[in-house]
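Worth saying up front: this structure is predicted, and the values here are computed from it rather than measured. Remember, it's 1-based here, ligands and their atoms both numbered in the order they're listed.
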Amino acid sequence: MLVRVRTGAVLGVSAVPVDVEVESTVGFPGFHLVGLAGGAVQEAKVRVQAAVRNLGVKLPQKRITVNLAPGDLRKDGTGFDLPIAAGLLAASGELEPPAIEGLQLVGELALSGEVKPVRGVLPLAIAARREGVRGLVVPEANAYEASIVEGLEVLPVRHLGELVAWARGGTLQPAGPPPAPPEPAAPLDLADVAGQEAAKRALELAAAGGHNLLFFGPPGSGKTMLARRLPGILPAFGFEEALEATVVHSVAGLTRHRGLLAERPFRAPHHSISDAGLVGGTSIPRPGEISLAHHGVLFLDELPEFRRHVLEALRQPLEDGEVTIARAGRSVTYPAQLMLVAAMNPCPCGHHGDRSRACRCTPHELMKYRRRISGPLLDRIDLHVDVPPVPPGQLGTGGAGEPSAAVRERVMRARALQTARAGPRVARCNARLRGAALRRLCALDDGGRRLLADAVARLGLSARAHDKVLRVARTIADLAGAERLSAEHVAEAIQYRVLDRPT
Ligand SMILES: Nc1ncnc2c1ncn2[C@@H]1O[C@H](COP(=O)(O)OP(=O)(O)OP(=O)(O)O)[C@@H](O)[C@H]1O
Ligand SMILES: [Mg+2]
Ligand SMILES: [Zn+2]
């Protein structure tokens, strides 16, 4: 007897259909699993047999072959347990095959028959709707993310026994709508930050033009506090972006008992992170922090403390907006359109340039510290911002500043100008302007040209730094609603090149 059960495999951030074919024939009793099954899938044999046994079902003394088709696609993960078990039960007459026809199943089984959550249910659900399946049977903890997909019946199960009872005429409760996203505890508002007008301005520029940003200042000056307020001034998180971001989180296994991400992600990995943790990878491909920050913010606090090769691994994805992980002939691509915000102290002791405290570092220590961040990485950061300590008398004035909502409105107006300008060959935000588009959209008037040439000569700016000044000046002009760049825009932009100047 041959039974076919539908399931799917996750590849990167999308999913493709996989058929589980189960055949039981007369012959020497045994259980064979074929179809490029990875380690975790091979172990499914053990879990599935135990789970079925624990239902009180005696498998027939037959030769059982399970094939996962297409056979040239490598399968990983534990989500094949449930469809294999369903096929096995159908092939041995415990479950009528028509009951599961047109359904797609995914889930891991515990030996007891309990159905455990798996990674990637959201992309599987998106693919299932595209394929027109009748319903998707998922572990209960994954039901919320599957329910984001409209027009797909989601059938959550907690135990293999529920599936059997259902196939025999019982009922399965379809999943209700996903729970309303929890209200953000206390939204972090820029109004809470006392003083720091220059740093707030830089944060607004970063949000308006999509520029990466580096805060530079002594301990306790408010760098972390400022960085955490960036998502709150970025353009509103629309459904399409939220869906793309949630898919990445689903693939990483972070969506249990959760639906759509309600806010732009803010990821702040510790500086001890590995390159695989940051950009993704390991033996079973998994999104790294840069992909978990897709459409949101990646915050690297204490930047010089990160291992150098870890930071170097960031360079390509920052440029491309995605990361491709190749291993053993396979490769997967994860999106990584993020804004990078980094923070560092000006020197190892933290007080270089601080008027109230003396710096104890030698010039050599200072140079070594700054050298930990390579030129090419600094090149990908358009805004370098000095954050001096707030005078003690000013700290109490927090709460009186301009609220994030007002800043966000200006940001959205500036972004709208960029979107309107974006032709098919021009980037959507200023931070991504390169080459001809950069020169055309950032053409300077005479005054601007003279000022920039003078700054390049006086500060020893590189050609790359020159382009960054232009991109930032474009954003300054967009925030001011000015079509043409002029000297005042350039003058402000030059201030954000602190670290390009020879020290
Ligand atoms: N401008 C400010 N307005 C209000 N509170 C502030 C301000 N600056 C600092 N603080 C207070 O000081 C604390 C420390 O700030 P924060 O952690 O952001 O400093 P930091 O620059 O990141 O320091 P470090 O270099 O040690 O990481 C904040 O939690 C906040 O309570
Ligand atoms: Mg900090
Ligand atoms: Zn120092």
Side-chain angles (χ1 to χ4, degrees), residues 184-207 212-234 266-273 278 289 293 296-307 310-311 339-373 378 381 383-407 496 498-499 501-503:
L188 298 176
D189 204 290
L190 267 184
D192 305 335
V193 183
Q196 299 296 17
E197 296 311 323
K200 286 186 203 167
R201 165 74 174 169
L203 208 56
E204 179 172 339
L205 287 177
N212 296 327
L213 172 149
L214 173 66
F215 282 132
F216 189 76
S221 63
K223 302 181 295 293
T224 303
M225 187 182 189
L226 284 158
R228 290 196 174 274
R229 283 157 178 77
L230 178 56
I233 61 169
L234 284 174
F266 181 90
R267 306 291 302 185
H270 188 254
H271 54 69
S272 60
I273 194 169
L278 189 65
E289 289 292 334
V297 174
L298 176 70
F299 178 46
L300 302 184
D301 208 353
E302 325 281 356
L303 190 67
E305 303 295 330
F306 284 77
R307 275 168 284 196
V310 172
L311 292 182
M339 283 184 63
L340 173 68
V341 179
M344 65 184 281
N345 293 334
C347 65
C349 87
H351 297 290
H352 185 80
D354 187 343
R355 258 172 259 135
S356 54
R357 306 259 293 268
C359 167
R360 289 180 275 106
C361 310
T362 63
H364 176 71
E365 280 171 331
L366 183 68
M367 204 169 69
K368 222 173 98 193
Y369 182 74
R370 300 221 177 153
R371 283 238 178 104
R372 283 204 213 152
I373 301 157
L378 277 183
I381 303 179
L383 296 161
H384 303 167
V385 185
D386 235 331
V387 186
V390 182
Q394 225 184 59
L395 269 182
T397 64
E402 190 182 26
S404 291
V407 180
Y496 301 113
V498 191
L499 294 179
R501 297 171 197 172
T503 38

**Asked** Taking side chain as C-beta onward, heavy atoms only, is Glu365 less than 4.5 Å from Arg360?
**Response** no

**Asked** Are any side-chain N or O atoms of Asp189 and backbone N or O atoms of Ala191, one a donor and one an acceptor, separated by less than 3.5 Å?
**Response** yes

**Asked** Under 4.5 Å between any side-chain heavy atoms of Leu300 and Leu298, yes or no?
**Response** yes

**Asked** For His364 and Thr362, does a side-chain donor sit closer than 3.5 Å to a side-chain acceptor?
**Response** no

**Fill in**
For the Zn ion (ligand 3), protein N, O or S atoms at a distance below 2.8 Å amount to 4

**Prompt:** Hey, looking at atom 17 (O) of ligand 1, which of Asp192, Thr224, Val390 has the closest heavy atom?
**Reply:** Thr224

**Glu402: partners by salt bridge (Lys or Arg N to Asp or Glu O under 4.0 Å), with sequence neighbours left out** = Arg410

**Asked** If only atom types and distance count, is the side chain of Glu289 paired as donor or acceptor with the main-chain N or O of Ile273 below 3.5 Å?
**Response** no

**Fill in**
Taking only non-hydrogen atoms of Met225 and a 4.0 Å limit, the atoms of ligand 1 in range are 4 (C), 5 (N), 6 (C), 7 (C), 10 (N), 18 (O), 30 (C)

**Item:** Per-atom contacts, ligand 1 versus Asn345 - under 4.0 Å to a heavy atom
**Value:** 25 (O)

**Item:** Nearest-option assignment for atom 20 (P) of ligand 1, heavy atoms, candidates Glu302, Lys223, Lys200, Gln196
**Value:** Lys223

**Request:** Please answer whether the main-chain N or O of Gly232 pairs with a side-chain N or O of Ser404 as donor and acceptor at a distance below 3.5 Å.
**Result:** no

**Prompt:** With a 4.0 Å cut-off on heavy atoms, is Ser221 touching ligand 1?
**Reply:** yes

**Item:** Expected output: side-chain Arg267 to main-chain Val297 donor-acceptor under 3.5 Å
**Value:** no

**Prompt:** Residues two or more places apart in sequence or in another chain: which of them pass ring-ring contact (aromatic ring centres under 6.0 Å, His included) with Phe266?
**Reply:** Phe299

**Asked** Under 3.5 Å, side chain of Lys200 to main-chain N/O of Gly195, donor-acceptor pair present?
**Response** yes

**Message:** Below the 3.5 angstrom mark, is there an N/O of Gly222, backbone or side chain, next to an N/O of ligand 1?
**Reply:** yes

**Message:** Please find the pair of heavy atoms, one from Cys359 and one from Cys349, that lie closest to each other, and give the distance.
**Reply:** CA-SG, 3.8 Å

**Request:** Examine Val193 against ligand 1 and note whether any of their N/O atoms are separated by less than 3.5 Å.
**Result:** no

**Residues Asp192 and Arg229 bridged, charged N to O under 4.0 Å** = yes

**Message:** Test your reading of the model: is there a side-chain donor-acceptor pair from Lys223 to the backbone of Pro218, 3.5 Å cut-off?
**Reply:** yes

**Polar proximity ligand 1 side, Gly220 side, N/O cut 3.5 Å exclusive** = yes

**Fill in**
What lies under 2.8 Å from the Mg ion (ligand 2), restricted to protein N/O/S atoms, is Thr224 OG1

